[in-house]
Protein chains: 2
Amino acid sequence: MKLAEFLHTLVDFSEEELEDILSHFERKEVSKNEILVEQGKICRNLYFVEKGIARNYYLNSDGKEITQLFFGEGRFMSSLESFFQESPSTYYLEILEDSVILSITKEQLDLLFDRYHKMERLGRLLATEMLTKVVHKINAIQFQSARERYDFMLSEYPDITYRVPLGLIASYLGMSQETLSRIRKKKL
Amino acid sequence: MKLAEFLHTLVDFSEEELEDILSHFERKEVSKNEILVEQGKICRNLYFVEKGIARNYYLNSDGKEITQLFFGEGRFMSSLESFFQESPSTYYLEILEDSVILSITKEQLDLLFDRYHKMERLGRLLATEMLTKVVHKINAIQFQSARERYDFMLSEYPDITYRVPLGLIASYLGMSQETLSRIRKKKL
DNA sequence: TCCGCTTTTTGATTTAAGTCAAAAGAAAGA
DNA sequence: TCTTTCTTTTGACTTAAATCAAAAAGCGGA
């Protein structure tokens, strides 16, 4: 999904505004396994996934990778707190498939926020939308059995479920990969 | 915490702007156990907790109450999706202590968003901040033992932990209240 | 095409936390 | 103050899911 279309679904920018906004983003192709943000470093960009999939994850106290969120096509992503507070990132941001990504720095973004009232609104709407999504995830995890959590995954990310390795999904859902494998088997 | 102070920490409104904004809120005292939002009804207000504590919860498939979030002093609260989409609420919003609450309707709020660029920014900052908070909660729940989840509660809401019934905290943390009781005992 | 590496599956065993039931303690109301 | 009701604790037992270990399947590169 193109960024322009996506923005238009949320706020009705004029042609000129849209053009100006888009001109502040940089487009690049990123290949599988590439790490866009390292843990401990400051995340300088906000990204938009035009094509592909990414995830952010962190290492728990046992050194195990825990997937926090997946980002599919048409989604903004970043190490949010790091980006906005310019603090060291708790997360890695990793590309899972060869992807096309648009990026913008905080300076450029703030400039757009200052320039356009509508841009600020876009930011608010995006943050609100993401917030409700994340709240849904909490519900899906808290007090739900492993089986129910997988059902949530299927309904929330039907596409992603079959495009990324099982182990990553297991860590996203908070279960071991053996458990997820057994659940999948029963589903057939 | 007064709303005016709180707003000022995020965006530097002028005196007049602040006054105008505040005039759109309605202040009321609400007593313990009162339900501000019912499941199934549309949540028409955004609330700010000046004094007191509230929580939102939902009923799971067994009819058990699951606490989603606690809202302490100086926090905005609502049934977010219901409020913004004007859709039936999935959650109840309940007052846990006699409280002082400010409220504003969506119409009034949208009016302020249209009138002030800065107001839109405030909305964005609030949503972003809440988003990072909620993301932290996911981490604390996913892949953490019951004991670690309680440690998270203590660090995140040191005040609330001892002001609300144990059973509510247990449901917030995704564990049975017996388990939480046992954890607390070990802590002494 | 074959080899080596990664991912997934399967089986056996352990364990953290849930459930059920009842007692103890605290708070609220008459 | 004494009931009554709500909340928390305790104990015994069960269970879902983790862990450990190893086999099987899938994939990418030479």
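A note on names: the letters A, B, ... follow the listed sequences, proteins ahead of strands, and every chain is numbered from 1.
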Does T179(A) place a side-chain N or O at less than 4.0 Å from the phosphate oxygens OP1/OP2 of dA17(D)?
-> no

Could you tell me whether the phosphate oxygens of dT10(D), OP1 or OP2, come under 4.0 Å of any side-chain nitrogen or oxygen in K185(B)?
-> yes

Between the side chain of S78(B) and the main-chain N/O of Y47(B), is any donor-acceptor distance below 3.5 Å?
-> no

Counting only side-chain heavy atoms from C-beta out, which of [options] sits nearest to [X]?
| X | options | value |
| --- | --- | --- |
| E178(A) | dA21(D), dG18(C), dC20(C) | dA21(D) |
| P165(B) | dT19(D), dT8(D), dT8(C) | dT8(D) |
| K64(A) | dT19(D), dA17(C), dT7(C) | dT19(D) |

Among K2(A), R163(A), K51(A), the one residue meeting salt bridge (charged side-chain N to carboxylate O under 4.0 Å, His left out) with E73(A) = R163(A)

Atom-to-atom span, [atom1] of [X] to [atom2] of [N] - whole angstrom:
| X | N | atom1 | atom2 | result |
| --- | --- | --- | --- | --- |
| L180(A) | dT19(D) | CG | P | 14 Å |
| Y150(A) | dT8(C) | OH | P | 11 Å |
| R163(A) | dC27(D) | CZ | P | 16 Å |
| K32(B) | dT7(D) | NZ | P | 8 Å |
| L166(A) | dG26(D) | CG | P | 14 Å |
| D62(A) | dC20(D) | CG | C1' | 15 Å |
| N33(B) | dT7(D) | CG | C1' | 14 Å |
| Q144(A) | dA17(D) | CD | C1' | 15 Å |

With nearest nucleotides of DNA chain D determined for Q177(B) and R182(B) from heavy-atom distances, which residue corresponds to the more 5′ nucleotide?
-> Q177(B)

Would you please test R115(B) and E17(B) for salt bridge (Lys or Arg N to Asp or Glu O under 4.0 Å) and show each step?
-> CA-CA 10 Å; R115(B) 187 175 297 166; E17(B) 287 168 336; over 6 Å; no

Carboxylate-amine/guanidinium proximity below 4.0 Å for R124(A) and E120(B) | yes

Whether F70(A) and Y157(A) hold their rings parallel, tilted or perpendicular, with breakpoints at 30° and 60° =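 Ring orientation, 0 to 90° scale: perpendicular.
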
